[in-house]
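Each ligand, and each atom within it, is numbered from 1 in the order the structure gives. Numbering of residues begins at 1 and proceeds along the displayed sequence.
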Amino acid sequence: MKILVTGGAGFIGSHLVDALVARGHKVRVLDSLIQQVHPGGKPQFLNPAAELLAGDIREAEAVRAALQGVEAVFHEAAEVGVGQSMYEPVRYMTTNTVGTTVLLDEIRKRKDTIRKVVVASSMSIYGEGEYDCAKCGGVAPAVRDLEKLQTGVWDIACPQCGGGLTPVPTRETKQLFPASVYAVSKQDQEQLSLIMGRAYGIPTVALRYFNGYGTRQALSNPYTGVCAIFCSRMLNDKAPLIFEDGNQTRDFVHVSDMVQANLLALENNAADYQAVNVGSGEPISIGQVAKLLAEAMGKNISAEVTEQMRVGDIRHCVADINKARRLLGYEPQVKLKDGVKELIEWVTRQTSEDRAAQAAEELEKHKLVVSAV
Ligand code: UD1
């Protein structure tokens with residue numbers, strides 16, 4: 001099959017390209033190779049069997065060239081920083097929302113030849129995950145209360161009785177409550193893709209990625225995922241900066257499992273026109289992640305807990321992966337401790353300029369941090 005991977009030079013996209021090439025597909029990549037992610041231009045890890053078109057998803061001409069002869073599209077191209085999206089909203093909305101619209105507009109014109117579209121959605125569109133209240137049962141709170149955050153109460157209270165909450169796995173049925181510009185743009189990407197797919201009868205699947213990690217995540221990009229940021233800090237013998245108190249939890253999913261979900265969505269029609277969570281199903285706190293990475297790197301560095309919250313961040317979210325299991329036969333294969341081992345073997349062979357402090361200053365400058373006073 002001839003397949004287009006947008007963002008195919010990036011972290012998830014490049015791993016997906018490798019897997020598609022290995023399965024005998026002819027792969028084309030459309031990637032704008034932005035400096036923030038690719039300071040050295042075209043990455044060395046890009047599969048030589050893939051055809052690379054350097055171009056912007058917002059340019060219809062570039063998209064048209066990329067779609068020539070294509071039968072399936074994986075849309076991984078996006079701006080990805082939650083914090084950065086809050087002070088560069090136009091950049092995020094034009095690339096993610098408008099860029100996706102341009103792509104879908106061209107896909108629609110080729111509805112007779114394109115047999116599948118798989119779009120990278122995100123858990124960030126949920127906002128807070130699902131919780132359980134001992135008194136009220138299952139609840140899905142919206143955003144955190146600023147006054148409480150300013151007193152260092154990072155956890156969210158039950159919106160009904162004000163009592164304590166326990167995070168539980170988040171299902172696809174949860175009401176969406178995006179808490180950042182990035183999250184809104186991801187919700188747009190997902191909904192636009194599903195709406196256009198349904199309208200034109202082009203089988204489309206939205207994969208709601210949880211927190212991806214693995215080799216090739218851009219280390220010098222301070223707006224990338226937390227694992228890469230922490231690795232880059234420690235590679236430069238600096239303490240990772242932990243926002244809030246480090247007890248916030250996420251679901252870290254190895255990039256090979258994200259690729260697995262993409263391949264299943266291509267080969268299977270059971271999830272067509274639907275959104276599906278792609279995670280590990282296991283929560284871990286950010287403080288624990290910092291420890292795990294330091295141990296694996298053999299660094300005696302303790303993280304610095306800033307007691308500051310990044311505006312737009314949620315407290316807890318872990319995936320319920322039963323829908324992916326049921327519809328796609330998805331089953332995560334890589335445990336975090338094994339994935340971290342592989343990640344660190346790669347990280348220690350890299351050099352990286354650490355720019356996390358700079359990114360934190362940028363947030364401060366725009367008053368996008370909430371400090372406990
Ligand atoms: C991440 C991705 C997003 C993706 C989503 C789901 C990035 C920038 N964000 O969002 O694209 O859609 O997962 O896969 O890749 N943290 C620190 N210190 C740091 C950086 C982060 O403590 O230096 C904390 C954050 O406050 C947050 C957690 O780590 O609580 C995770 O942050 P991050 O990696 O940015 O991920 P998400 O915002 O969850």
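- Under 4.0 Å from ligand 1, the heavy atoms of Phe210 that appear belong solely to its backbone.
- With no hydrogens or angles considered, no side-chain donor-acceptor pair links Glu76 and Thr6 at under 3.5 Å.
- Here the shortest heavy-atom distance to atom 16 (N) of ligand 1, taken over Asp251, Ile12, Val226, Val278, belongs to Val226.
- The shortest N/O to N/O separation between Gly81 and ligand 1 does not fall below 3.5 Å.
- With respect to atom 12 (O) of ligand 1, the closest heavy atom belonging to the protein is Tyr182 OH, 2.5 Å.
- Atoms of ligand 1 found under 4.0 Å from any heavy atom of Ile242 (numbered from 1 in listed order, with element): 22 (O).
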Item to check | Intermediate values then yes/no, salt bridge (charged side-chain N to carboxylate O under 4.0 Å, His left out), Arg171 and Glu130 | outcome: CA-CA 8 Å; Arg171 293 160 297 183; Glu130 288 192 65; 2.6 Å; yes

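- No hydrogens or angles considered: a donor-acceptor pair under 3.5 Å links the side chains of Tyr209 and Asn262.
- Side-chain contact annotation: Lys291 with Gln288, donor-acceptor N/O pair under 3.5 Å absent.
- Taking atom 5 (C) of ligand 1 as the reference point, the nearest protein heavy-atom neighbour is Ser122 OG, 3.8 Å.
- Side-chain N/O atoms of Gln84 and Tyr182 include no donor and acceptor closer than 3.5 Å.
- Not one N or O on the side chain of Asn236 forms a donor-acceptor pair closer than 3.5 Å with the backbone of Lys238.
- With no hydrogens or angles considered, a side-chain donor-acceptor pair links Tyr126 and Asn277 at under 3.5 Å.
- Close N/O approach between Val80 and ligand 1 is found [any backbone or side-chain N/O within under 3.5 Å].
- Of all protein heavy atoms, the one lying nearest to atom 37 (P) of ligand 1 is Asn211 ND2, 3.6 Å.
- Of the possible donor and acceptor atoms, none in the side chain of Glu361 sits under 3.5 Å from a partner among the backbone N and O of Ala359.
- The protein heavy atom nearest to atom 18 (N) of ligand 1 is Leu241 O, 2.7 Å.
- Looking only at atom types and distance, the side chain of Arg58 has a donor-acceptor partner in the side chain of Thr94 under 3.5 Å away.
- With a heavy-atom cut-off of 4.0 Å, Arg250 touches ligand 1 through its side chain alone.
- Of the N or O atoms in Phe243, one or more lie within a sub-3.5 Å distance of an N or O in ligand 1.
- Side chains of Leu343 and Cys231 form a contact here, defined as non-hydrogen atoms less than 4.5 Å apart.
- Residue Gln217 has no N or O atom closer than 3.5 Å to an N or O atom of ligand 1.
- Considering backbone and side-chain atoms together, Ile229 places no N or O closer than 3.5 Å to any N or O of ligand 1.
- Side-chain contact check for Val139 versus Gln160: some heavy-atom pair is nearer than 4.5 Å.
- At a 3.5 angstrom cut-off on N or O pairs, Arg310 counts as close to ligand 1.
- With a 4.0 Å cut-off on non-hydrogen atoms, Tyr223 touches ligand 1 through its backbone and not its side chain.
- For the 3.5 Å distance criterion, the side chains of His316 and Thr170 fail to qualify, holding no donor opposite an acceptor.
- The protein atom (non-hydrogen) at minimum distance from atom 25 (C) of ligand 1 is Asp313 OD2, 3.2 Å.
- If you check which protein heavy atom lies closest to atom 15 (O) of ligand 1, you get Gly225 N, 3.2 Å.
- For Ile314, no nitrogen or oxygen atom sits less than 3.5 Å from a nitrogen or oxygen atom of ligand 1, counting backbone and side chain alike.
- Every atom of ligand 1 is numbered from 1 in the order shown, and the set under 4.0 Å from a heavy atom of Tyr209 is 6 (C), 14 (O).
- In Ile286, the part holding a heavy atom less than 4.0 Å from any atom of ligand 1 is the side chain.
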